[in-house]
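Just below is one structure, and these are the notes that go with it.
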There are 2 protein chains.
Amino acid sequence: MLSKKTKYGLKALAYIARQECDTPVPIGAIAESENISHKFLESILLTLRKSGFLGSKKGKGGGVYLIKEPKDIRMVDVIRVLEGPIALVPCVSLNFYEKCDDCPDEKTCTISRLMIQVRDSTLTVLRKNTLADLM
Amino acid sequence: MLSKKTKYGLKALAYIARQECDTPVPIGAIAESENISHKFLESILLTLRKSGFLGSKKGKGGGVYLIKEPKDIRMVDVIRVLEGPIALVPCVSLNFYEKCDDCPDEKTCTISRLMIQVRDSTLTVLRKNTLADLM
DNA sequence: TTAAATCCTAGTAATCCTATAGGGTTATTA
DNA sequence: TAATAACCCTATAGGATTACTAGGATTTAA
């Protein structure tokens with residue numbers, strides 16, 4: 001299951017992308033429209049800004065805005081930043097690999113082949129979809 | 001990420017399936033071979049028995065055994081019992097549907113189309129794979 | 001100068017996860 | 001009858017994660 005953090009982040013990005021004007025979108029406006037706690041959303045968008053998805057402008061008339069075109073923002077990259085690994089077990093994760101402590105040998109692990117199949121099918125979907133597809 | 005419970009359950013099922021003989025497999029033997037706490041595994045296998053995947057035999061020479069052929073045990077069914085929903089958000093889950101409290105209208109929810117795609121691609125893999133594929 | 005905004009660090013309550021421990025019950029085999 | 005092994009319940013406990021909350025610092029436009 002996705003965390004609320006990721007879910008809210010995706011919804012916020014979609015909201016920002018839908019605003020046609022070039023002026024920054026205040027976080028408060030997003031929070032209100034999407035039913036998200038303002039402070040919580042603030043921290044989520046901070047992460048997205050630090051990861052290079054968003055820019056921001058302080059002060060009156062400020063807010064956040066997309067740095068790239070919606071069609072160039074892949075879902076897989078957003079989800080990796082907010083949620084972490086795509087894979088269901090750490091030992092088959094491409095970006096967050098970790099050894100399983102109960103597994104003596106990954107090559108003979110009974111479940112790894114299945115887990116790789118699930119990972120790859122999910123990756124295919126998340127790589128194909130961009131923010132433009134959410135609008 | 002899969003919980004340890006699910007992971008251990010899958011590994012245990014694979015272990016049982018690999019035993020060729022018709023005699024029941026003691027839980028202790030599985031626990032030892034797969035590096036799983038005996039008591040924890042006991043509770044996991046109890047769940048699998050109550051869900052109709054396993055039979056058991058008490059007393060000396062007892063243990064657990066598969067009720068169906070490995071090729072007839074689909075991964076999707078095991079995972080639903082041990083882990084719960086396959087979907088990443090409750091509002092697109094087929095078997096564990098729940099309304100999202102932040103979403104006023106599911107039909108216009110920006111992320112549901114993406115979530116359905118991920119769900120379906122995962123389902124395809126998990127329906128195709130059976131316990132026989134883990135052996 | 002004031003109001004509106006983001007920036008940033010901490011903290012926190014609640015829940016879930018992953019067991020661990022114990023102990024009694026029941027069934028089966030040798 | 002003794003040993004074995006699953007069954008079944010309760011309780012607990014540390015750690016991690018989640019979903020926020022608080023409060024102040026900083027920046028900017030009008």
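In what follows, every chain begins at residue 1, and chains take the letters A, B, ... in the order their sequences are listed.
Rounded to a whole Å, the OH atom of A:Tyr8 is 9 Å from the C1' atom of D:dC20. Going from atom OH of B:Tyr65 over to atom P of D:dA6 covers 13 Å, rounded to whole Å. Rounded to whole Å, the distance from NZ on A:Lys4 to C1' on D:dT17 is 14 Å. Following rounding to the nearest Å, B:Asp102 (CG) and D:dA19 (P) show an atom-to-atom distance of 11 Å. A:Glu83 places its CD atom 11 Å from the C1' atom of D:dT17, with the value rounded to the nearest Å.
The SG atom of B:Cys100 sits 8.0 Å away from the NZ atom of A:Lys4 when rounded to the nearest 0.5 Å.
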Dump the pairs, protein N or O against N or O of nucleotides 26-30 of chain C, anything under 3.5 Å, distances to one decimal.
from: C:dT28; atom 1: O2; to: B:Lys60; atom 2: N; distance (Å): 3.3
from: C:dT29; atom 1: OP1; to: B:Lys57; atom 2: NZ; distance (Å): 2.9

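A salt bridge is defined here as a Lys NZ or Arg NE, NH1 or NH2 lying under 4.0 Å from an Asp or Glu carboxylate O, and B:Asp102 with A:Lys11 meets this definition.
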Report the C-alpha separation of A:Leu54 and A:Tyr65 in whole Å, then their side-chain angles, then the decisive distance to 0.1 Å, and conclude whether the side chain to side chain contact (heavy atoms under 4.5 Å, CB included) test is met.
CA-CA 6 Å; A:Leu54 292 177; A:Tyr65 51 89; over 6 Å; no
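Note: the hydrophobic cluster containing B:Val89 does not contain B:Ile86 (ILVMFWY, side chain heavy atoms under 4.5 Å, direct or indirect links).
The environment of CD in B:Glu106 is crowded: more than 12 heavy-atom neighbours from other residues, nucleotides or ligands sit within 6.0 Å. Within a 6.0 Å sphere centred on CZ of A:Arg18, other residues, nucleotides and ligands contribute more than 12 heavy atoms.
The minimum heavy-atom distance between B:Leu88 and B:Val118, with the atom names listed, is CD1-CG1, 3.8 Å.
Within a heavy-atom distance below 4.0 Å of DNA chain C, the residues of residues 28-56 of chain B found are B:Ser37, B:Lys39, B:Phe40.
Counting only distance, with no hydrogens or angles, the side chain of B:Glu83 and the backbone of B:Ser3 share a donor-acceptor pair below 3.5 Å.
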